[in-house]
Protein chains: 2
Amino acid sequence: MKNKEIQEKRMKGYFIQATKEILKGEGLKAISVRNIADQAGYSYATLYNYFKDINDLVFLCVNDFQEECELFVSDLTNNEPKGITKLKASILAYIKYFVEYPGIFELFYITRGGDFGNKPQIISVISNSLDNACKKDWECCLKHKLIPEADTEKLKAQLRYSIIGLLSLYLNRLTPATYSEFIDRATMLIDSVLGIKPDIRDHLSKNDASTIQNSLISVTIKK
Amino acid sequence: MKNKEIQEKRMKGYFIQATKEILKGEGLKAISVRNIADQAGYSYATLYNYFKDINDLVFLCVNDFQEECELFVSDLTNNEPKGITKLKASILAYIKYFVEYPGIFELFYITRGGDFGNKPQIISVISNSLDNACKKDWECCLKHKLIPEADTEKLKAQLRYSIIGLLSLYLNRLTPATYSEFIDRATMLIDSVLGIKPDIRDHLSKNDASTIQNSLISVTIKK
DNA sequence: TGCATATATTAACACTGTTAATTATATTTG
DNA sequence: CAAATATAATTAACAGTGTTAATATATGCA
């Protein structure tokens, strides 16, 4: 029965779409079985014919949001000069995506969705979320030897963890209290992890896409 | 009326104690007004005579847990040789505290408790949680110039954020999947932030409390 | 069309936080 | 000490939550 599969996929799509809209709009706190079903135009119990529980449904949105996030990042950093500067811009854009959609941050890093053991694919997407959003930039930096290959994994890990922490404190604990202060700290954090000196060149480089800049090698922790 | 104040404080204490027990035991998911009231030996509505809502009550536990955490850290690191080694051990102990009590981690860094604007004291305790748990170690390292003073704030920030992220991924996303792997990553993270080279001395140093070791100065990002 | 199957819906259950009304308990006053 | 009052604790109720079982509706097939 091919029709059945098509219809089932369509139905799932309706619920997933509804869930995504609520998550991006009112956020995770507004997620409920009845809310989602309303938005999808069905009764709340119908949902259980297609998903085993509400977590199952909610976490299916992760893939779509990761795609959207990567688009968001590349859109926001298109004009940046390649190299460390663009890597830094991508990380900042990644941060801004989750500030714009706090519900998606909760979904990715906060909410405990019960039995994760069965969904290694989703866990993998989440764990590699930042790395994938900056994939091209890392490759570029490696290719041009702007970052020692031996350090990349350490740096990626440091960035992955510290940016989750930074966002957690800001979104969950209002620390720091203002957005501009938050962006300042984010910038400082990225700079200090990547070993970028606060420099006037940082402000000029946006309009200077000719050369690849800021080699990291000279300022990295030595082996 | 002095008696009234004493009695009120006592009553609050009963509920706070009950909340702490549940948080340390079954965790935050088991927290409910009726649950807490049961544990305290009162009816659920009685709770509202002493706390404006359940968040108000739950977040009053933060202070106690921070104290307990600092004790936990100093107990676990008493035998470590002072200096970078002890600082590192303290950070690891801090991590272990929250792995032992995931509910307290949720309370500190995850749960959104509504109107935080009115509780800057609690926010402050949370924001400075790690720094305070390692306060003496930082002071020692600074005093003996094991870490350049100019770098301390950056390093503290990096550690603060990345350890929250590390714990989030492990406790919320089971990444990595095993405890030993997690501890490995935690160790690597601390080492790479503090600039400690993986070294045999790390394993020997536990029984060598004679000297202060591992000066950071020579391996720090240069100014 | 009539029947069988699959799908959608309503009803119900056990929870949640919170408030209002009610009962029980202390305290103060005559 | 007894009665009136104030205070504290309790139960009842409401509007939510996720989930399941029973019922109603629509679909596909002979």
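All figures in this text were calculated on a predicted structure; none of them were measured in a lab. Letters A, B, ... mirror the listed sequences (proteins, then strands); counts begin at 1.
- The phosphate of dA9(D) (OP1 or OP2) has no side-chain N or O of Tyr48(B) nearer than 4.0 angstrom.
- Residue pairs satisfying the ring pair (Phe, Tyr, Trp, His ring centres under 6.0 Å) criterion with at least one member in residues 159-187 of chain B, sequence neighbours excluded, are listed as follows: Tyr170(B)-Phe182(B).
- Side-chain N/O atoms of Gln66(B) and Ser129(B) include a donor and acceptor closer than 3.5 Å.
- Atom CZ of Phe15(B) and atom C1' of dA8(D) are 11 Å apart (whole Å).
- Listed by chain and number, the residues in a side-chain contact (heavy atoms from CB on, under 4.5 Å) with Glu100(B) are Phe72(B) (sequence neighbours excluded).
- Counting non-hydrogen atoms under 4.0 angstrom, Ile31(B) reaches the backbone sugars and phosphates but no base.
- As a whole-Å value, the separation of Asp56(B) CG from dT18(C) P is 10 Å.
- Rounded to an integer number of Å, the gap from Phe51(A) CZ to dT19(D) C1' is 16 Å.
- Regarding Lys29(B), its NZ atom lies at a distance of 16 Å from the C1' atom of dC15(C), rounded to whole Å.
- Side-chain atoms of Glu106(B) and Asn172(B) form no donor-acceptor pair, as typed in the model, at a separation below 3.5 Å.
- Using a 4.0 Å cut-off on heavy atoms, the residues of residues 33-47 of chain B that approach DNA chain D are Arg34(B), Tyr42(B), Ser43(B), Tyr44(B), Ala45(B), Thr46(B), listed by number.
- For the pair Lys12(B) NZ and dA8(D) C1', the computed distance is 15 Å after rounding to whole Å.
- In this entry the distance linking NZ of Lys9(B) with C1' of dA8(D) reads 20 Å, nearest Å.
- When rounded to the nearest whole Å, the span between OH of Tyr50(A) and P of dA6(C) equals 13 Å.
- A salt bridge does not link Glu68(A) with Lys20(A): every distance from a Lys NZ or Arg NE/NH1/NH2 to an Asp or Glu carboxylate oxygen is 4.0 Å or more.
- Taking the centre of each ring, Phe105(A) and Tyr97(A) stay at or above the 6.0 Å mark.
- The nearest whole Å value for the distance from the CG atom in Asp53(A) to the P atom in dT19(D) is 5 Å.
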